[in-house]
Trainee: 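Here's a structure for you.
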Amino acid sequence: MNKNDFPILREMVYGKPLVYLDNAATTQKPQVVLDAITNAYTHFNANIHRGVHKLSQTATVEHEAARAKVASLIGAKSPNEVVFTKGTTDSINALAISFGEYAVNEGDNIIVSAVEHHSNIVPWQMLCQRKKAQLRVIPLTNDLSLDLDAYKQMLDQRTKLVSVAHVSNVLGTINPVREIIETAHSHGVPVCVDGAQSVPHMRLNVQDLNCDFLAFSAHKMYGPTGIGVLYGKEDWLVKLPPAEGGGEMIEHVSWEKTTYNTLPYKFEAGTPDFNGSYAFGKATDYITSIGWETIETHERNLVAETQQAMRHIHLNGCRLHIYAEQQPKIGTFSFNAYNHNGALIHPFDIGTLLDRQGVAVRTGHHCAEPLINLLGVPGTVRVSFALYNDENDIRIFANALEKALTMLG
């Protein structure tokens, strides 16, 4: 894990070396991914699948090779279970349209959790509004973990789908998705897992986990923006109708009737981001070369060591509160600071002062407004790690935070 692999990490911000701790929003790209983008546009930029010429054939081979790499990365049974999308949000929206048309009727219900990103709330709200169905929300316990007893009581014969985040993008906590899936399946209910914050940070095998659907994005795992994945068990993808129509997803078109293509192309209308998929494949190669055990251990240690460093900085009369501090986390955690009078120091002010010292963090509601409202604050400061962060980043962050609190406390 070499910082030199990531050219942007050599940037200076306000005259300070960049310390990038906003990886839950998007990760930086290694040189091999940047080179892949240039290589694809330079040497085989041509629309895939339908062309007989050399460039099209090469681009097609590379696009499908990337699909196979992604399938291998998540342990899919077949590359046919990997549908390329624009990202996690697009994946969940497509599923909500497709699954909603197939399975959801008036009076049915969909279950999500209280820690969800807006991308795993709004599409299901829209579906429920269209179908006059109900959206049910798994509540949190006092320690900010999911209330599984309440969840079990929610499931009934009208529950059509459960869709939950594997890892909270605010708290960094790992939700018990295996138990959630097993419980849902005991009621004959399929489960979608929002893997945007888990797939980049931990080994995940969809067959072992037994989820029915999984959504994630390339840009959060060192790949390009604008491309992601909807994994679906083949049995489900065969049954579900396509969410979009157009080129690529068709078998035959007449004025009277259209028949659809085979998997996974049935769900990939229009020209795909074939250069992005090629670069995404290179990102998966990069991750695989480092190894999941190394990545998981490194990032868990960074979270624990940063929280420990925060306990030892001079608070200058301030108090720090780390949310779900005692729960196991991977990659991410959030905190707030309070001044000597007990008043909240606005997260934006902390983020701004950290930025002036070269430290990039995220502040606000993190597209999880219902969770932030539940916490009773206007937002949090979120620190999130990637494989290129190190102990020097922790030291710089802790020093920068201490200076910020000296000014704000």
Trainee: When the side chains of residues 24-33 are checked against the rest of the protein, which donor-acceptor pairs come out under 3.5 Å, sequence neighbours left out?
Mentor:
residue	atom	partner	partner atom	Å
Thr26	OG1	His219	O	3.1
Thr26	OG1	His219	ND1	2.8
Thr27	OG1	His219	O	2.8
Thr27	OG1	Tyr222	N	2.8
Lys29	NZ	Thr27	O	2.7
Lys29	NZ	His219	O	2.9
Lys29	NZ	Gly223	O	2.8
Gln31	NE2	Asp35	OD1	2.8

Trainee: Could you give the distance from CD1 (Ile396) to CG (Leu21), rounded to the nearest 0.5 Å?
Mentor: 9.5 Å
Trainee: Test your reading of the model: is there a side-chain donor-acceptor pair from Asn175 to the backbone of Val167, 3.5 Å cut-off?
Mentor: no
Trainee: Looking just at side-chain N and O atoms, do Ser119 and Thr88 make a donor-acceptor pair shorter than 3.5 Å?
Mentor: no
Trainee: Would you check if there is a donor-acceptor pair between the side chains of Glu64 and His49 at a distance under 3.5 Å?
Mentor: yes
Trainee: Determine whether the side chains of Ser163 and Asn120 contain a donor N or O and an acceptor N or O closer than 3.5 Å.
Mentor: yes
Trainee: Just one of Tyr265, Phe84, Phe280 clears the ring-ring contact (aromatic ring centres under 6.0 Å, His included) bar with His63, so which one?
Mentor: Phe84
Trainee: Can you give each donor-acceptor pair under 3.5 Å made by side-chain atoms of residues 349-360, sequence neighbours left out, with the distance rounded to 0.1 Å?
Mentor:
residue	atom	partner	partner atom	Å
Thr352	OG1	Phe348	O	2.8
Gln357	NE2	Leu353	O	3.1
Gln357	NE2	Ala400	O	3.1

Trainee: In Å and rounded to the nearest 0.5 Å, what is the CD1 to CG distance from Ile394 to Leu302?
Mentor: 5.0 Å
Trainee: Under 4.0 Å between a side-chain nitrogen and a carboxylate oxygen: does that hold for Asp147 and Lys152?
Mentor: no
Trainee: Using modelled atom types only, decide if a donor and an acceptor are shared between the side chain of Asn45 and the backbone of Tyr41 within a distance under 3.5 Å.
Mentor: no
Trainee: Determine yes or no for a side-chain-to-main-chain donor-acceptor pair under 3.5 angstrom, with Thr297 supplying the side chain and Thr294 the backbone.
Mentor: no
Trainee: What residues, two or more places apart in sequence or in another chain, satisfy side chain to side chain donor-acceptor pair (under 3.5 Å) together with Asn210?
Mentor: His185, Lys233
Trainee: Within the side chain of Arg136, is there an N or O that forms a donor-acceptor pair under 3.5 Å with the backbone of Met154?
Mentor: yes
Trainee: Taking side chain to side chain donor-acceptor pair (under 3.5 Å) as the test, write out the residues that go with Asn169, two or more places apart.
Mentor: none
Trainee: Without swapping roles, check the side chain of Ser56 against the backbone of Val52 for a donor-acceptor pair under 3.5 Å.
Mentor: no
Trainee: Do the side chain of Lys54 and the main chain of Phe44 share a donor and acceptor less than 3.5 angstrom apart?
Mentor: no
Trainee: Just how far is it from atom CG of Asp194 to atom OG of Ser217, taken to the nearest 0.5 Å?
Mentor: 8.5 Å
Trainee: Could you state the interatomic distance from CG (Leu161) to CG (Asn109), rounded to the nearest 0.5 Å?
Mentor: 10.0 Å
Trainee: Hey, what do you get for CD1 (Ile330) to NE2 (His166), rounding to the nearest 0.5 Å?
Mentor: 9.0 Å
Trainee: Can a salt bridge be assigned to the pair Lys86 and Asp273 using a cut-off of 4.0 Å between side-chain N and carboxylate O?
Mentor: no
Trainee: Do the side chain of Asn389 and the main chain of Tyr20 share a donor and acceptor less than 3.5 angstrom apart?
Mentor: yes
Trainee: Applying side chain to side chain contact (heavy atoms under 4.5 Å, CB included) to Arg319 and His321, what does each step give before you reach the verdict?
Mentor: CA-CA 7 Å; Arg319 175 176 65 86; His321 179 71; 4.1 Å; yes
Trainee: Quick one: do Lys132 and Asp108 make a salt bridge, cutoff under 4.0 Å?
Mentor: no
Trainee: Going by the salt bridge (Lys or Arg N to Asp or Glu O under 4.0 Å) test, name the single residue among Glu62, Glu268, Glu81 that passes it with Arg67.
Mentor: Glu268
Trainee: Do His118 and His365 have ring centroids that are under 6.0 Å from one another?
Mentor: yes
Trainee: Would you say the side chains of Thr271 and Asn47 form a donor-acceptor pair under 3.5 Å?
Mentor: yes
Trainee: Answer yes or no: is there a donor N or O on one side and an acceptor on the other, between the side chain of Glu305 and the main chain of Glu391, under 3.5 Å?
Mentor: no
Trainee: If you round to the nearest 0.5 Å, how far is CD1 of Ile138 from OG of Ser145?
Mentor: 11.5 Å
Trainee: Among all residues two or more places apart in sequence or in another chain, which pass the side chain to side chain contact (heavy atoms under 4.5 Å, CB included) test with Ser289?
Mentor: none
Trainee: So does Asn93 get a backbone contact from the side chain of Asp90, meaning a donor-acceptor N/O pair under 3.5 Å?
Mentor: no
Trainee: Step by step, work out the side chain to side chain contact (heavy atoms under 4.5 Å, CB included) result for Asn301 and Phe385.
Mentor: CA-CA 10 Å; Asn301 288 343; Phe385 297 100; over 6 Å; no
Trainee: With sequence neighbours excluded, give me every side chain to side chain donor-acceptor pair (under 3.5 Å) pair touching residues 235-247.
Mentor: Asp212-Trp236
Trainee: Show, in sequence, the C-alpha distance, side-chain angles and deciding distance for Lys160 and Lys131, and conclude whether the side chain to side chain contact (heavy atoms under 4.5 Å, CB included) test is met.
Mentor: CA-CA 12 Å; Lys160 293 300 172 127; Lys131 295 287 188 170; over 6 Å; no
Trainee: Indicate yes or no for a side-chain donor-acceptor contact from Arg203 to the backbone of Gly291 under 3.5 Å, with no hydrogens or angles considered.
Mentor: no
